[in-house]
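Okay, so here's the structure we're looking at.
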Amino acid sequence: MSSLLIRNARLVPLGAGETAPDAPVDIAVERGVVTAIGSALERPNGVEEIDAEGRWVIPGLWDQHTHLAQWTLSSQRLDLAGARSPEDATRLVAERIADYPDLPVIGWGHRSAGWHREVTVSELDAVSGDTAVVLISGDGHHAWLNTTALLHLAMPVRDSVVRETEWFAAYPRLVTLVGNDGTSPEAYRRMLDEAAGRGIAGLVDFEFGAGIEEWSERWVQGCDRLRIRAATYSHLLDDVIAAGLRTGDVLPGCDDRATMGPLKIISDGSLNTRTAWCCEPYGDAHKLEYPSGQPNLSGADLREQLARAHAAGLEIATHAIGDAAVREALEAYAETGAHGSIEHAQMARRDDVRRMAQLGVRASVQPAHLLDDRDLTDKIWGERAERCFAFRWMLDDGVELALGSDAPVSPLDPWLAMAAAVHRSADDRGPWHGEQALTVREVLAASVDGQPTVAAGSRGDLVLLDRDPLLRDVEATDTAALGRELRAMPVALTAVAGRVVSDAR
C-alpha cells in the first residue's frame with residue numbers, strides 16, 4: 001500500500017443532504033487509507049505530493065459486472081454490432097476470410113432478435129468453407145457457429161445457434177481455436193490502464209470458466225493496477241471451497257486489492273436470445289420453443305447452490321433478467337438465508353423490488369443495456385417495459401444499487417452507465433420511461449462501491465476530475481444535457497490504495 005498527499009482538491013458530497021467545504025482541502029493517504037483532510041497538511045518525507053489545482057475529488061469508481069477476458073479479446077474480434085440482418089453478418093464474415101484466409105473468425109456483438117428471420121449454420125458454411133467461424137451474440141447468451149467450428153469445439157452438428165448452458169460450457173474451449181494471446185498479461189495490463197483512465201479503481205470479474213488461480217498468476221505478472229474481485233462458477237465451486245476461500249478473502253499470492261468475489265449463477269437467459277424467464281409470454285411467443293423463456297436450472301438446484309455457497313462463506317451473484325427469474329431468485333435467497341445480489345434485474349414487479357429491499361439483496365444493474373434494449377423491449381415485452389430497468393423504484397424502496405457495464409456487452413465506461421441511468425436515451429428521442437431515471441448524485445453514489453464522501457478512514461482510491469461531477473451548473477431537468485456532460489467527464493488522475501495508476505493532467 002502506498003502513501004500520497006493531494007493538495008487543493010474540492011470534495012464532492014455524495015450522500016443525500018451532505019455538504020462539502022467551499023474551499024479546496026488537502027488529503028493525506030497513508031498505507032492506502034485516507035488519514036487526514038484539512039488545510040496545509042504536512043508532507044511526510046518521501047511521500048509523493050500532487051497539486052490538484054482545485055479539481056474535484058471522488059472515491060474511485062467501480063464496475064460491478066465485467067467479463068474481463070472477453071473485454072480484452074473484443075478488440076481483436078470481428079465487430080458485428082452494426083449487422084442488421086443475417087446477410088450483413090455473412091457478408092462481413094466473407095470479407096474477413098478474404099482478408100485473413102488462414103485465421104479463424106471470432107465475431108462479437110450482433111443482436112439477432114431484431115433480424116427478420118432465424119439464422120442457419122448452412123448459410124454460414126456457404127461463405128466460410130473450412131475456416132472456423134464463431135459469432136458471439138451481443139448479449140453473450142448464444143453463438144452462431146459454422147460446422148467446422150462446431151466440430152472443432154466438440155459440439156453436435158446442427159443447423160441452429162448454440163444457446164445458454166451449452167454455449168457457456170463451450171466458450172472456454174475457444175482458446176483451442178485462437179490461442180490466448182488476447183488474454184496475456186500484456187493485454188490485461190492495457191485493459192486495466194484503459195479502465196484506470198476512466199476513473200475506475202475496482203472491477204468485479206465474472207469471466208466464464210476462469211479459475212481463481214488465473215488472477216493470482218496475473219497479479220504477480222504486473223496486472224496489479226486496480227482492485228479485483230474474482231467470481232467463480234458452480235463447476236469450480238468445489239475448488240474454491242477446498243481452498244477455504246470466502247468472499248472478501250485475499251487471493252493466494254496477492255494483496256488485499258485482489259479478493260475472492262461471489263459465486264455466479266446464471267438462472268435464466270437474456271432478452272435478445274428470448275430466453276429470459278418471464279411471468280408472461282413474449283410478444284412473439286408463437287415463434288419460440290419456450291413462449292415465456294425458461295430457467296437455466298431448477299428451483300431445487302438453485303436453492304442447493306445458494307445454500308452450499310452460503311455455508312462456505314460466499315456471497316452469491318444471481319443472474320436474473322426476466323421477472324419470473326427475479327421472483328424465483330428472491331424466493332431462493334429468502335429460503336436459504338444467502339446474501340448477495342441480483343445481477344441485471346432487468347424486468348421486475350414492484351412487489352419483488354420491495355422484497356429485494358426487505359431481504360437486503362443488492363441490485364447490480366447495467367444502465368447502458370437500456371440504450372440497446374429499448375426498442376426490442378417495447379416490441380416483445382410491450383406494456384411490461386414500464387417496469388424494466390426500474391432504478392427509481394429500487395432506490396425509493398431501499399434497494400442498494402451497484403452500477404456496472406457487463407463489458408463487453410456494453411462498453412466498460414462508468415460515465416456511460418451513469419449517463420444512461422440519468423437520461424435513459426442514446427439518441428434524439430426523449431427519456432425512455434423517464435419516471436425511472438436517477439439523479440446525478442444518485443448514480444455517482446451507486447458507482448463507488450458504497451464508499452462515502454472522501455474523509456478520514458476512506459480507502460485511498462481517489463479520482464481527480466476537471467469538472468464538477470454533480471453538474472450543479474446544469475439545469476437538473478435537462479437530462480439530455482446532463483447525459484452529454486457525464487459521457488464527456490474529464491478524468492485527470494486515478495489513484496488506487498494511494499498509488500497513482502493513471503495521470504492525464
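The structure presented is a predicted model; accordingly, all values stated were derived computationally and were not measured.
- Using modelled atom types, one side-chain atom of D268 and one backbone atom of G322 make a donor-acceptor pair closer than 3.5 Å.
- Note that the CD atom of Q346 and the CH2 atom of W381 stand 5.0 Å from one another [nearest 0.5 Å].
- Distance check, rounded to the nearest 0.5 Å: OG of S2 to CD of E30 gives 12.5 Å.
- You'll find the side chain of L314 reaches within 4.5 Å of the side chain of L237, heavy atoms only.
- Of the options L14, I58, V448, a side-chain contact (heavy atoms from CB on, under 4.5 Å) to T453 is made by L14 and by none of the others.
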- Show the numbers, then the answer: is there a side chain to side chain contact (heavy atoms under 4.5 Å, CB included) between W108 and Q70? CA-CA 10 Å; W108 169 267; Q70 292 187 65; 3.6 Å; yes
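- Under the 3.5 Å distance criterion, with hydrogens and angles disregarded, a donor-acceptor pair is assigned to the side chains of E164 and H141.
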- Check the pair Q64 / S364 against side-chain hydrogen bond (donor to acceptor under 3.5 Å, both in side chains), numbers first and verdict last. CA-CA 7 Å; Q64 299 283 351; S364 175; 5.9 Å; no
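- A salt bridge is absent between R327 and E331: the closest approach of a Lys/Arg side-chain nitrogen to an acidic carboxylate oxygen does not fall below 4.0 angstrom.
- For the residue pair T336/H310, the side-chain donor-acceptor check at 3.5 Å is not satisfied.
- With rounding to the nearest 0.5 Å, the separation of CG in D139 from OG in S112 is 7.5 Å.
- In this structure, T494 contributes its side chain and A196 its backbone to a donor-acceptor pair below 3.5 Å.
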- Message: Determine whether M260 and I212 satisfy the following criterion, side chain to side chain contact (heavy atoms under 4.5 Å, CB included), listing intermediate values before the conclusion.
- Response: CA-CA 8 Å; M260 185 67 219; I212 297 305; 3.7 Å; yes
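- Using a 4.0 Å cut-off between charged nitrogen and carboxylate oxygen, D63 and R198 do not count as a salt-bridge pair.
- Among all heavy-atom pairs drawn from L203 and L412, the shortest one is CD2-CD2, 4.0 Å.
- Note: F208 and Y171 have perpendicular aromatic rings, judged against thresholds of 30 and 60 degrees for the angle between ring planes.
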- Begin with the C-alpha distance, continue with both residues' side-chain angles, and end with the deciding distance and a verdict on side-chain hydrogen bond (donor to acceptor under 3.5 Å, both in side chains) for H339 and E315. CA-CA 5 Å; H339 303 291; E315 289 190 358; over 6 Å; no
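- Between the T66 side chain and the V204 main chain, a donor and an acceptor come within less than 3.5 Å of each other.
- Summarising the geometry of L416 relative to R487, their closest heavy-atom pair is CD1-NE, 3.6 Å, with the distance given to 0.1 Å.
- Within the model, atoms CG of L236 and CD of E213 stand 7.5 Å from one another, a figure rounded to the nearest 0.5 Å.
- In summary, R308 and D238 engage in a salt bridge, as defined by a charged side-chain N under 4.0 Å from a carboxylate O.
- Residues S405 and H369 share a closest heavy-atom pair of O-CE1, 3.4 Å.
- Using the six-membered ring where Trp is involved, H65 and F206 have ring planes that are tilted, between 30° and 60° apart.
- When every heavy atom of L226 is checked against every heavy atom of A195, the shortest pair comes out as CD1-CB, 3.9 Å.
- Side-chain atoms of S447 and M418, non-hydrogen and from C-beta on, do get closer than 4.5 Å to each other.
- One distance of note links CD1 of I380 with CZ of R274; it measures 4.0 Å at 0.5 Å rounding.
- A heavy-atom distance below 4.5 Å is found between the side chains of Y333 and I342.
- Summarising the geometry of A455 relative to I37, their closest heavy-atom pair is CA-CD1, 3.4 Å, with the distance given to 0.1 Å.
- The two residues V422 and A437 come nearest to each other via the heavy atoms O-CB, 3.5 Å.
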- Item | Pair F168-Y233, side chain to side chain contact (heavy atoms under 4.5 Å, CB included): steps then yes or no | CA-CA 11 Å; F168 299 145; Y233 285 78; over 6 Å; no
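- Screening L376, L271, N272, L80 for a side-chain contact (heavy atoms from CB on, under 4.5 Å) involving R111 leaves a single residue, N272.
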- Task: Kindly determine whether C279 and M347 satisfy side chain to side chain contact (heavy atoms under 4.5 Å, CB included), including the steps that lead there.
- Result: CA-CA 10 Å; C279 294; M347 177 170 61; over 6 Å; no
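- Comment: D468 does not engage R10 in a salt bridge, judged by the lack of any side-chain N to carboxylate O separation of less than 4.0 angstrom.
- Under the 4.0 Å criterion applied to side-chain N and carboxylate O atoms, D323 and R387 are assigned as salt-bridge partners.
- One finds no salt bridge joining D351 and R349 here, because no Lys/Arg side-chain nitrogen approaches an Asp/Glu carboxylate oxygen to under 4.0 Å.
- Cation-pi contact between R218 and W215: present, with separation from the ring centre below 6.0 Å and deviation from the ring axis of at most 45°.
- Side chains of L306 and E335 form no contact here, defined as non-hydrogen atoms less than 4.5 Å apart.
- Going from atom CG of D256 over to atom CG of D249 covers 11.5 Å, rounded to the nearest 0.5 Å.
- Side chains of R392 and L438 form a contact here, defined as non-hydrogen atoms less than 4.5 Å apart.
- Ionic pairing of E18 and R441 is not present here: no N-O contact between side-chain nitrogen and carboxylate oxygen is shorter than 4.0 angstrom.
- Looking at heavy atoms from C-beta onward, Q221 lies out of side-chain contact with Y188 at the 4.5 angstrom threshold.
- P408 has its side chain out of reach of L73: every pair of non-hydrogen atoms, C-beta onward, lies at least 4.5 Å apart.
- Remark: R350 CZ is packed, more than 12 non-hydrogen atoms of other residues, nucleotides or ligands lying under 6.0 Å away.
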